[in-house]
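What you are looking at is a predicted structure, and each value in this text was computed from that prediction instead of being measured.
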Amino acid sequence: MFKNIVIAVLAACCIFLVLNQRMERVAWGEGEISPAEYGGLAALRDIFPPDEYRDRVLPLLRGAFQDGKISRDRLAALGTELKELGARTLSVLEKERAQDKFVRAWNDALSGAKEGAESFSESFSRQLGEAMRELGETWNDMTGKNAPQAPSSSTQDGVML
């Protein structure tokens, strides 16, 4: 008799476990998709050409929305309807966007400007140093530090005073 009770309890536990898992799967499938998944649905506009998106994809999306939301099961059904979505997504991801070209051109321009500024700085510093040296020599010549010495007595028209 004790064995029969244990077998009945184990069988009830197994049945409860199976039913619980089934109810969790159903609840998960009926649950709303995440915000990231909604963002992925919005990105479908970039993957499909406008005519195909409007004629083929948009009606599928409208059918998947019920009560203003999409469940995971309806999202899975949408995925089976859009069979070539993986290949199209890969081609879109590999294609260079206009923003990428702009950023690359901007970075190239900045690095060129930085190199140009560095070479300008070196050239300007060298030229400024040369100009200051010449100015110093001219100043010394004007102040008489390097000027030839005049005779100690003054002469006026060959006459000594």
Calculate, to the nearest 0.5 Å, the distance between atoms [atom1] and [atom2] belonging to [X] and [Y] respectively.
X	Y	atom1	atom2	value
F16	M23	CZ	CE	7.0 Å
R74	S71	CZ	OG	3.5 Å
W139	D141	CH2	CG	12.0 Å
I15	N20	CD1	CG	13.5 Å

Show, in sequence, the C-alpha distance, side-chain angles and deciding distance for Y53 and I47, and conclude whether the side-chain contact (heavy atoms from CB on, under 4.5 Å) test is met. CA-CA 9 Å; Y53 177 79; I47 294 174; over 6 Å; no
Indicate the atoms forming the closest heavy-atom contact of S111 with D108, along with that distance. OG-O, 2.9 Å
Residues forming a side chain to side chain contact (heavy atoms under 4.5 Å, CB included) with F124, sequence neighbours excluded: F120, L128
Identify, with sequence neighbours excluded, every residue that meets side chain to side chain contact (heavy atoms under 4.5 Å, CB included) alongside L41. I33, Y38, L44, L61, I70, L75, L78
Please name all residues satisfying salt bridge (charged side-chain N to carboxylate O under 4.0 Å, His left out) with E52, sequence neighbours left out, ordered by chain then number. R56, R88
Given 3.5 Å as the limit, does a donor-acceptor pair link the side chain of S125 with the main chain of S121, or not? no
Counting N and O atoms only, with roles assigned by atom type, does the side chain of R45 sit under 3.5 Å from a partner on the main chain of A42, one being a donor and the other an acceptor? yes
side-chain contact (heavy atoms from CB on, under 4.5 Å) between E84 and F48, intermediate numbers included: CA-CA 10 Å; E84 72 283 351; F48 290 93; 3.6 Å; yes
Min side-chain heavy-atom separation R72-E32 under 4.5 Å: no
